Q: 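Pasting a structure here, questions to come.
Keep in mind the model is a prediction, meaning the values are calculated, not measured. Per chain, numbering begins at 1; letters A, B, ... match sequence-line order.
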Amino acid sequence: MVDFLWFVPAFPLLGAVIMLLFGRRIGDPRSGWLATLAPTASFLVVAAIFADLLSKPANEREHVVNLFSWIGVGSLRVKMAIVADPLSITMALFVTGIGALIHLYSIGYMHGDPKYSKFFLYLNLFIFSMLMLVLGENLLVTFLGWEGVGACSYLLISFWHTRNSAAVAGKKAFIANRVGDFGVMIAMFLAFSTIGTLSYSGINEAARGGTLAPVTATAIALLLFLGACGKSAQLPLYFWLPDAMEGPTPVSALIHAATMVTAGVFLMTRIAPVLAVSYHFAPMIIAVVGGVTALFAATIAVAQNDIKRVLAYSTVSQLGFMFMAVGSGAYVAAIFLMVTHAFFKALLFLGSGSVIHGVNHEQDMRRMGNLRLLMPITSLTFLVGWLAIAGVPPFAGFWSKDEVLLHVFANNRALYVVGLAAALLTAYYMTRQVIMVFFGRARWQDHSGEHGAHGDFVPHESPRIMLVPLVLLAGLSVLGGALQLPFTAHTEFLDRWLAPVIEESQISIAGTWAFDNKYLLMFLATVVALVGIAAAIAVYVKRVVRPLEPRVLEQAWYYDTAVSQAIAGPGARAFNAIAWVDLHIVDGAVNGVATLVRRSAGVTRKAQSGFVRTYAAVIGLGAVLLVAWFAWRSIS
Amino acid sequence: MWYLLLSAFLFAIGTFGVLVRRNPLVMFMCIELMLNAVNLTFVTLGRQLGSISGQTIVFFVLVVAAAEVVVGLSIIVAIMRRRAGVNADDLAELKG
Amino acid sequence: MELFVFVCAALMIVGGAIGVVVRGNPVHAALSLVLTLFGIAVLFVAQRAEFLAAVQVIVYAGAIVVLFLFVVMLLGVDRAEDLRTDSLTGQRGLAVIVGLGLLGVLVTAIVSGTDAVISRGTGIEGATNESADANIVQLARSVFADYVVAFEVTSVLLVVAVVGTVLLSRRRPKEVRPESGRPS
């Protein structure tokens, strides 16, 4: 069964090719259905492989499928190979599953768009790249997928490219990602030059076996983390994610909630053994960056008015949680949070897409309100998502977030407090969003004359094809916690499932105060979530105090402007200096050689006078000298 | 032997003449001087060495010189037909 | 006796050579050339190469110089050349260097190599009162027996030279004349 692994990325690739060649002819909506078939088929194959792996004993769950030998230059041997082990299959499951649901949703959402089939082309291409990323057996195949998702992300963010803001956002995303990619590339070079291989098994073996020096391990880990910061929008390089909301909502759901942004966490988990042997400050850096980002983004989300931007900052914040877990050695918790986050964030994004669709493409929450009666299914599923992300038991988000906080507490108390604060704010701003959109006064009536609406504009529920994915995702958000219930070892499925991949790197908390008192911490997390919800209700419903949305938060602590000014000012000067060097020194040297040749040729040209007698004289001179030399030789 | 010195002297004069004169026909005549110097050398050496081969070579040189003069003069005629009063310095088309 | 002949002939040769070089008028130069050639012929006789002397006079002085004169007259280049200046700068100096250098080198070679020339052949036979054509016979034996290949090649060369000359000095055919109606 595992030999069919290569079908998994092949289906979306085939779908993309068909879309490329025939998409326009097949048209709307049939090309959408055709395109949805691809990730669905991949999902079925992955599910079958998952079942197959489950039936095998724990230490036989890694299978490499070698497609062909890709690079064979000198001592660099890289195969185009994909691997089916617990981690990759877990990722592939939710990438293909949620991907299929989002394809389905898009059939309805993108209906009527002139570039309909092209959208599905990009979506399929994206799924293909993401699958290569997670299934890759070595860093290079993963990097292939890494770059691929970056490129597809650019294409999809700027899908409505006639809008200037969309084009700019696409560029921003690509360039920010590129900075991160630089880190990944240097890490690959380093890995090859020190270990001699790029395959995960080789690298991790070296790390486990002790042949990898801590310095190198730290360097590789931190460089890959730089790449992860770019791809997963952590603090230095997060600024592209909020602007990426310019893309259509299914894009936001797929790429920026469920899949691409999780690539960074995935990569760090893949090289967990390397991280384990690096200097202690490396995981600490990762955890701190994750924590600070989580809090930073949460504070910004409190003051955003665009329905998708709130969710974007929320994503950044949740990713921060995942990195906190990685930095604390809690890989299982990170993956658990990743999976549940994929469920409820995709749900929330698709739900917001449904809302946007229903209010005729209005995205400002201040112009919504009281939509729960007019869009019942959307609001119900959205509420499920809200409860999940806020961390209310028994929804999935509670279990995963709690797991993360548990391990963070065992690692570093201060970070725990940061995490707790971020969780509080998460509950707060999500409740705020829910209130502004679905409850309260029907503010949309004040603006019903706008947006080209005819007469009395009434928000409406979305078509069924968009609601089915919402319902499915809501179900998963409710039940998803079952993957890892901390009650007994038996219920901790993910722990056992991912053990072959992670076990040596996972820092166990058995025997710590946190582990013994985990129910107390669970209770504390619940309380925090409820406090956040209550606070939001107090502020926005009961109007106990005036809403606190200071401008600095709305402008995202002016981070974006700071970055642009740095690039435009000193950055531009630096780039101009480099360009000057290239133009004058490098090109000057090249042109200088040519000029030198020309000048010297011009000088030597004068020797060709054209006069026969000169030539004869020179010949005579040469003859004389020649004979003189011979004579000299024979005499002396 | 003095004969050899004489022929060396004749050869040198011929070379000097080729380089100095501008009229192509006179240049040709100087070349003939050089050839004659060579003939004299061959005959002298043939006598000194006691071999008839020296004279044989002169025989052939004579024939070849004749042929060469014929061809050379026809070339000069072909060139000079186009422009009258040409001297060697006017034929500078090979100028780089 | 031989010395006397040598001196006279040498004077003729040198005088003629200098005449060729310094006379401005090409016709005068050609006549100087004839003087030189006669001198050479005399020296040939002195060296027991009677046949060659005869051939020299007949072919060289008789045919080649006449050919020169023909061309001079044909082309009308009998204007005296101005020899006081040279249009190319440095040419005179270079020519002197080359000439003197050549002379010096050759003299050195001759003087130093005089002792190396030792007789090893069968000896040459000049014409005597008993056998007037002894030289010719010996020369003919050498040409037709030892050097027959060179002889054949030289004859081919002569043919080629004649053909080449005819081709080179042919006047270009004129353009088609309308009234004649056929290409020339």
Q: Tell me, out of B:Leu40, B:Ile75, B:Val18, B:Ile76, who's got the most heavy-atom pairs with chain C below 4.5 Å.
A: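 Sorted descending by pairs with chain C, the first entry is B:Leu40.
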
Q: What part of C:Leu37 gets closer than 4.5 Å to chain B, counting heavy atoms only: side chain, backbone, both or neither?
A: side chain

Q: Looking at C:Ile64 and B:Ala66, what are the two nearest heavy atoms and their distance?
A: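 Looking at all heavy atoms of both residues, the closest pair is CD1-CA, 3.7 Å.
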
Q: Of the backbone (N, CA, C, O) and the side chain (C-beta and beyond), which part of B:Glu32 lies under 4.5 Å from a heavy atom of chain C, both, or neither?
A: both

Q: Quick one: are C:Val98 and B:Phe16 in side-chain contact, heavy atoms under 4.5 Å?
A: no

Q: Under a 4.5 Å heavy-atom cut-off, does chain C meet the side chain of B:Thr44, its backbone, both or neither?
A: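 For B:Thr44, heavy atoms of backbone and side chain both lie under 4.5 Å from chain C.
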
Q: What's the separation between atom CG in C:Leu3 and atom CH2 in B:Trp2, rounded to the nearest 0.5 Å?
A: 9.5 Å

Q: So, B:Arg21 side chain and C:Val20 main chain: donor-acceptor pair closer than 3.5 Å or not?
A: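 Side chain of B:Arg21 to backbone of C:Val20, a donor-acceptor pair under 3.5 Å: yes, one is there.
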
Q: Of the non-hydrogen atoms in C:Pro26 and B:Asn23, which two are nearest, and what is the gap between them?
A: CG-ND2, 3.5 Å

Q: Quick one: do B:Gln55 and C:Ser142 satisfy side-chain hydrogen bond (donor to acceptor under 3.5 Å, both in side chains)? Show the steps, please.
A: CA-CA 9 Å; B:Gln55 296 187 17; C:Ser142 173; over 6 Å; no

Q: Do you know the tightest heavy-atom contact between B:Ala67 and C:Ala161?
A: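 Looks like CB-CB, 3.8 Å.
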
Q: Kindly compute the distance separating CG (C:Leu102) from CE (B:Met34), expressed to the nearest 0.5 Å.
A: 7.5 Å

Q: Do C:Phe44 and B:Val58 have side-chain heavy atoms sitting under 4.5 Å apart?
A: yes

Q: Relative to chain B, which segment of C:Leu139 carries a heavy atom at a distance below 4.5 Å: side chain, backbone, both, or neither?
A: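 Both backbone and side chain of C:Leu139 come within 4.5 Å of chain B.
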
Q: Does a sphere of radius 6.0 Å around CZ in C:Phe38 hold more than 12 heavy atoms from other residues, nucleotides or ligands, not counting ones at 6.0 Å or beyond?
A: no

Q: List the steps and the verdict of side-chain contact (heavy atoms from CB on, under 4.5 Å) for C:Leu94 and B:Leu19.
A: CA-CA 8 Å; C:Leu94 204 57; B:Leu19 296 176; over 6 Å; no

Q: Answer with side chain, backbone, both or neither: which region of C:Ala9 has an atom nearer than 4.5 Å to a non-hydrogen atom of chain B?
A: neither

Q: Please examine the side chains of B:Val43 and C:Leu52, heavy atoms only from C-beta on, and report whether any two atoms are closer than 4.5 Å.
A: yes

Q: Pick one of side chain, backbone, both or neither for C:Val96, based on which atoms fall under 4.5 Å of a heavy atom in chain B.
A: both

Q: Against chain B, label C:Ala30 side chain, backbone, both or neither, depending on which of its atoms sit under 4.5 Å from a heavy atom there.
A: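 For C:Ala30, heavy atoms of backbone and side chain both lie under 4.5 Å from chain B.
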
Q: Determine whether C:Tyr60 and B:Asn36 make a side-chain contact, defined as any pair of heavy atoms from C-beta on separated by less than 4.5 Å.
A: yes

Q: Heavy-atom pairs under 4.5 Å with chain B - which of C:Gly99, C:Ala29, C:Ser155 has more of them than the others?
A: C:Ala29

Q: State the CZ-OG1 distance between C:Arg141 and B:Thr56, to the nearest 0.5 angstrom.
A: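 Answer for the CZ-OG1 pair, C:Arg141 versus B:Thr56, is 12.5 Å.
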
Q: Which atom pair, heavy atoms only, marks the closest approach of B:Ala8 to C:Leu106?
A: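 Closest pair (atom of B:Ala8, atom of C:Leu106, distance): CB-CB, 3.9 Å.
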
Q: Nearest 0.5 angstrom please: C:Tyr147 OH to B:Ile57 CD1, how far?
A: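 So the gap between those two atoms works out to 5.5 Å.
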
Q: Evaluate C:Ile13 against B:Phe9 for side-chain contact (heavy atoms from CB on, under 4.5 Å), listing each step before the verdict.
A: CA-CA 10 Å; C:Ile13 290 170; B:Phe9 190 59; over 6 Å; no

Q: Could you report the tightest heavy-atom contact between C:Leu168 and B:Ala78, atom names first, then the distance?
A: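 In terms of heavy atoms, the two residues are closest at O-CB, 3.6 Å.
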
Q: Most heavy-atom pairs under 4.5 angstrom with chain C, which of B:Val69, B:Val63, B:Leu62?
A: B:Leu62

Q: With a cut-off of 6.0 Å (strictly less than), are more than 12 heavy atoms of other residues, nucleotides or ligands near OH of B:Tyr3?
A: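 For B:Tyr3, atom OH is crowded (more than 12 foreign heavy atoms under 6.0 Å).
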
Q: Answer yes or no: is there a side-chain heavy-atom contact under 4.5 Å between B:Phe60 and C:Phe151?
A: yes

Q: Examine whether an atom of C:Leu67 lies under 4.5 Å from a heavy atom of chain B, and if so say whether it belongs to the side chain, the backbone or both; otherwise answer neither.
A: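 Backbone plus side chain of C:Leu67, per the 4.5 Å heavy-atom cut-off to chain B.
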
Q: Do C:Val162 and B:Val70 touch side chain to side chain, with heavy atoms closer than 4.5 Å?
A: no

Q: Quick check for you: to the nearest 0.5 Å, what is the distance between C:Ile18 atom CD1 and B:Ile13 atom CD1?
A: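 If we round to the nearest 0.5 Å, C:Ile18:CD1 and B:Ile13:CD1 are 5.0 Å apart.
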
Q: What is the distance from atom CG of B:Asn39 to atom CG of C:Leu43, rounded to the nearest 0.5 Å?
A: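 The CG atom of B:Asn39 sits 12.0 Å away from the CG atom of C:Leu43.
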
Q: Answer whether the closest heavy-atom distance between the side chains of B:Leu10 and C:Val14 falls below 4.5 Å.
A: no

